[in-house]
Structure formats: structure tokens, C-alpha cells
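Down below is the structure, laid out as C-alpha cells.
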Amino acid sequence: MTVSDPVVESIVATVTRSATEIRQGLVGRRNTVDDEENPSGETQFAADIWADELLAERLSTIDGVGQYASEEQSDVLECGAAPGSSDTYAVAVDPLDGSSNLTSNNAMGSIFGIYADSLPARGDTLVAAGYVLYGPITTMVIATDETVSEYELSGGERRLIDQDVTLPEDPVAYGFGGRVPNWTDTFEAYAREIESELKLRYGGAMIGDVNQVMTYGGIFGYPALESAPQGKLRLQFEGNPIGYIVEQAGGASSDGEQSLLTVEPTDVHQRTPVFVGNDGLLERLEASLEESV
Ligand code: AHG
Ligand code: MN
Ligand code: MN
């Protein structure tokens with residue numbers, strides 16, 4: 001099933017084709033690169049840099065892509081007409097999400113958001129977003145304003161397996177990042193409630209954990225920490241695209257106070273607390289955190 005907007009379809013097809021190569025290219029690129037940090041100040045793996053170069057080259061040359069930005073590059077790459085003009089978009093990419101899982105050979109992903117505005121952009125200017133999950137099977141989830149679809153990827157092609165992905169009503173799984181002593185007291189109180197109700201599923205790669213929530217229902221979060229009040233995850237490359245996908249699938253997103261898609265961006269690499277999942281769980285979270293104010 002192709003996406004109706006031809007530029008969006010071209011971006012999705014390019015990511016599909018590249019995902020097979022990215023997965024194969026992880027072999028031999030599990031080393032960290034000395035003296036290299038990403039704009040968030042984090043150590044880079046050879047695979048991070050390689051996946052970013054591959055996607056940057058292919059996505060920035062698509063007609064209709066006006067900007068390319070990734071968590072691995074400081075600056076936004078201007079590559080065409082200003083996004084927001086007719087059929088011109090900005091693409092924000094997390095080329096390899098959960099790359100620290102390369103060391104332990106656990107699941108990872110790639111994330112992309114397609115914005116109809118110049119970066120940094122609000123999440124509610126997204127026209128589509130998607131993620132690839134490098135699990136036992138390589139799958140891809142794509143959300144547009146019409147629907148959320150899931151595909152199996154192989155040989156550079158995608159095969160539709162679900163054309164109306166929706167979050168199950170009854171939540172099952174939860175996963176919260178950060179270390180417990182670093183959580184705020186109010187978040188810890190909420191987490192204690194949730195852990196008495198749901199099953200822990202936390203694998204250290206947002207995409208692997210979010211896919212559990214998309215499959216079984218529940219909540220994934222990387223909260224504000226005492227040591228990092230803005231949390232760890234990046235709004236443009238992780239929070240917005242995943243928030244858009246989960247909201248399109250009938251769930252909710254939050255930074256603890258509001259939908260991630262309404263957060264006013266100030267910087268391409270800004271971090272934000274991220275919560276996505278069943279709306280009832282997020283309503284309880286926001287109520288809990290509000291009590292502390
Ligand atoms: P990335 O590899 O793109 O930097 O993302 C890693 C993120 C996210 O995937 C995951 O939810 C989180 O880091 C895990 O952080 P901890 O290692 O602190 O649990
Ligand atoms: Mn990431
Ligand atoms: Mn990454």
C-alpha cells in the first residue's frame with residue numbers, strides 16, 4: 001500500500017530500501033568512534049555515523065525535501081525549497097535509535113518525522129512519521145493523517161501486514177528510562193502505581209519499547225530526571241515522531257504537561273521528557289505531576 005502524497009511515499013520507499021542495508025551494515029560498525037560526540041554530547045558508534053551519512057545522502061536528494069536534520073549532525077542541511085511551501089517538507093531523523101544496544105546485540109530502530117515547516121518545528125506540523133525496528137524481523141510502522149500501517153521489510157521492499165494499527169484498549173506493558181534514584185519523587189510515586197498494574201518491558205532502545213506499547217498497549221516514558229530536568233530524548237527526532245505515531249494510533253503523548261506535538265521548539269537538538277501510550281495512563285501521569293507543582 002503506497003502513501004498518497006508522492007514526496008512522502010518517496011521518503012518512505014527510500015527508508016525502506018535503506019533499512020535492509022543499515023541492518024546489514026551494523027556488522028563491523030559496533031565500535032565507538034574516539035573523540036567523536038553527537039550534538040547532544042553523546043558518544044557515537046561507527047554505525048550511527050554511517051547510517052546517518054547513508055540516509056542524509058539519499059533523503060536530501062529527494063525532490064520535495066527542503067531540509068534534512070539528524071541527531072548526529074549539528075546543523076540542519078538545506079537541500080531545496082523552504083519547507084512549508086507547496087509539497088516541500090523537512091525530514092528529521094534518528095538514524096539509529098538505541099545504538100548502545102549494538103554492544104549487547106539487542107533491538108534498535110531508525111526514526112523519521114516529515115514536517116511541513118522549517119526545523120525546529122512543532123510536532124503538529126508533521127504530515128507523516130515512521131520507525132523501523134531491527135528486531136528478529138525488520139518491521140516498519142508508518143503514520144500519516146489517514147492511518148497507521150505496519151510492514152515487514154526484506155530485500156529493500158515492504159509488505160503490508162496491518163493497515164490500521166491501533167493501540168489495544170487494555171494496557172499490558174510499561175517501561176521507564178533513567179535510574180530510579182534520579183527520578184523525581186512525584187514521578188516515582190506514579191511509577192510505583194504503574195509497576196503494580198502492568199508488566200515491565202524496558203530494553204534500552206525507545207523503538208523496541210514503543211513497539212511493545214503499540215503491540216500490547218501500555219506506556220513508555222523517559223522522564224525528567226533530578227540531574228536532567230529535560231530528560232534525555234530529543235523532541236525533533238524522537239519525541240515528536242513517536243508522539244505523532246502513537247496519537248494517530250489512538251493513544252496519547254505528553255511531556256508531563258501537554259501533548260508533545262504542542263511543545264514550542266526553540267532548538268533542533270532540544271531534549272524533552274517523553275511519555276507515550278494509552279490515554280488513561282497519560283491522564284493519570286499528568287494529574288500526578290500536576291499535584292507536585
Ligand atoms: P539513541 O541511541 O538514538 O541516542 O537513543 C537512545 C535513547 C532511547 O533509544 C532509549 O529510550 C534511551 O536512550 C535509553 O536510555 P538509557 O540507556 O539511559 O536507558
Ligand atoms: Mn534515539
Ligand atoms: Mn540515535
Side-chain angles (χ1 to χ4, degrees), residues 15 18-19 22-23 25-26 29-33 36-56 68-74 91-113 129-135 141 173-183 187 191 200-214 218-243 245-246 253 255 260 268-277:
V15 172
S18 306
I22 288 172
R23 185 177 190 118
L26 298 177
R29 293 187 171 93
R30 299 170 70 181
N31 57 297
T32 54
V33 180
E36 288 289 337
E37 283 185 347
N38 69 12
S40 302
E42 296 160 342
T43 303
Q44 290 177 304
F45 286 84
D48 283 317
I49 296 169
W50 178 75
D52 178 48
E53 286 168 356
L54 186 141
L55 290 170
Y68 172 91
S70 99
E71 75 173 26
E72 305 304 338
Q73 299 190 37
S74 302
V91 183
V93 174
D94 179 356
L96 209 47
D97 171 66
S99 52
S100 61
N101 277 354
L102 275 167
T103 310
S104 55
N105 191 30
N106 289 105
M108 280 168 286
S110 298
I111 311 171
F112 63 96
Y131 64 81
V132 176
L133 173 57
Y134 306 105
V141 168
Y174 80 97
F176 296 136
R179 292 171 184 260
V180 176
N182 216 347
W183 288 348
F187 177 71
L200 172 60
R201 287 288 181 274
Y202 188 81
M206 175 186 195
I207 287 308
D209 300 331
V210 165
N211 205 60
Q212 294 262 11
V213 171
M214 293 286 285
I219 180 171
F220 165 81
Y222 206 106
L225 303 175
E226 296 289 2
S227 62
Q230 290 311 309
K232 174 179 183 182
L233 302 177
R234 286 136 293 232
L235 180 65
Q236 297 293 299
F237 309 109
E238 294 161 309
N240 277 341
I242 297 305
I245 292 166
V246 175
S253 79
D255 67 350
L260 288 166
V268 165
H269 295 285
Q270 78 188 67
R271 298 179 193 267
T272 176
V274 169
F275 301 97
V276 290

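All ligand and atom numbering here is 1-based and tracks the order in the structure. In this chain, numbering begins with 1 at the start of the sequence shown.
Between Ile242 and Leu233 there is no side-chain heavy-atom pair separated by less than 4.5 Å. Side-chain contact between Phe220 and Gln212 is absent, with no heavy-atom pair separated by less than 4.5 Å. Leu133 is not listed as a side-chain neighbour of Met214, based on a closest heavy-atom distance of 4.5 Å or more. Using a 4.5 Å heavy-atom threshold, the side chains of Val33 and Phe45 count as separate. The shortest distance between side-chain heavy atoms of Val246 and Val213 does not fall below 4.5 Å. In this structure, the side chains of Asp48 and Glu36 stay at 4.5 Å or more apart for every pair of heavy atoms. Using a 4.5 Å heavy-atom cutoff, the side chains of Ile207 and Met108 are not in contact.
A donor-acceptor contact under 3.5 angstrom links the side chains of Ser227 and Asn182, judged on distance only. No hydrogens or angles considered: nothing links the side chains of Asp94 and Tyr131 as a donor-acceptor pair under 3.5 Å. In this structure, a donor-acceptor pair under 3.5 Å is absent between the side chains of Tyr134 and Asp97. Side-chain atoms of Gln44 and Glu72 include a donor-acceptor pair closer than 3.5 Å.
Leu96 counts as a contact of ligand 1, since one of its heavy atoms falls under 4.0 Å from the ligand. Residue-ligand proximity: Arg234 is placed with a non-hydrogen atom under 4.0 Å from ligand 1. Not a single heavy atom of Asn101 sits closer than 4.0 Å to an atom of ligand 1. Assignment of Phe220 to the shell around ligand 1 is supported, since a heavy atom sits closer than 4.0 Å. Residue contact check for ligand 1: Gly204 places a non-hydrogen atom closer than 4.0 Å to it.
With hydrogens left out, the protein atom closest to atom 1 (P) of ligand 1 is Gly98 N, 3.5 Å, a heavy atom. The protein heavy atom nearest to atom 17 (O) of ligand 1 is Lys232 NZ, 3.7 Å. Of the protein's non-hydrogen atoms, Tyr222 OH, 2.7 Å is the one closest to atom 18 (O) of ligand 1.
Per-residue contacts place Ser99 under 4.0 angstrom from the following atoms of ligand 1 (heavy atoms of the residue considered): 2 (O). Atoms of ligand 1 found under 4.0 Å from any heavy atom of Tyr202 (numbered from 1 in listed order, with element): 14 (C), 15 (O), 16 (P), 19 (O). Within ligand 1, counting atoms from 1 as listed, the ones closer than 4.0 Å to a heavy atom of Ala205 are 9 (O). Listed by atom number, the atoms of ligand 1 under 4.0 Å from Glu71 heavy atoms are 1 (P), 3 (O), 4 (O). Numbered from 1 in the order shown, with element, the atoms of ligand 1 that lie under 4.0 Å from a heavy atom of Glu238 read 3 (O), 5 (O). In summary, the atoms of ligand 1 found under 4.0 Å from a heavy atom of Met206, numbered by their order in the structure, are 8 (C), 9 (O), 10 (C), 11 (O). Remark: ligand 1 atoms within the under-4.0 Å shell around heavy atoms of Leu233 are 7 (C), 8 (C). When each atom of ligand 1 is checked for a heavy atom of Asp94 under 4.0 Å away, the hits are 3 (O).
Note: Phe237 and His269 have tilted aromatic rings, judged against thresholds of 30 and 60 degrees for the angle between ring planes. Note: Phe275 and Phe187 have tilted aromatic rings, judged against thresholds of 30 and 60 degrees for the angle between ring planes.
Heavy atoms of Asp209 found under 4.0 angstrom from ligand 1: none, in either backbone or side chain.
Sorting the N, O or S atoms of Asp97 by how far they are from the Mn ion (ligand 2) puts OD1 first. Of all the N, O or S atoms in Glu71, the one closest to the Mn ion (ligand 3) is OE2. In Glu238, the N, O or S atom that comes nearest to the Mn ion (ligand 2) is OE2.
Not a single N or O atom of Gly178, backbone or side chain, sits closer than 3.5 Å to an N or O atom of ligand 1.
One of the N, O or S atoms belonging to Asp94 lies under 2.8 Å away from the Mn ion (ligand 2). Among the atoms of Gly98, no N, O or S atom is found under 2.8 Å from the Mn ion (ligand 3).
Of the candidates Asp48, Asp97, Val210, Ile111, the one placing a heavy atom closest to atom 5 (O) of ligand 1 is Asp97.
Between Arg29 and Glu53 no salt bridge is recorded (no basic side-chain N to carboxylate O distance below 4.0 Å).
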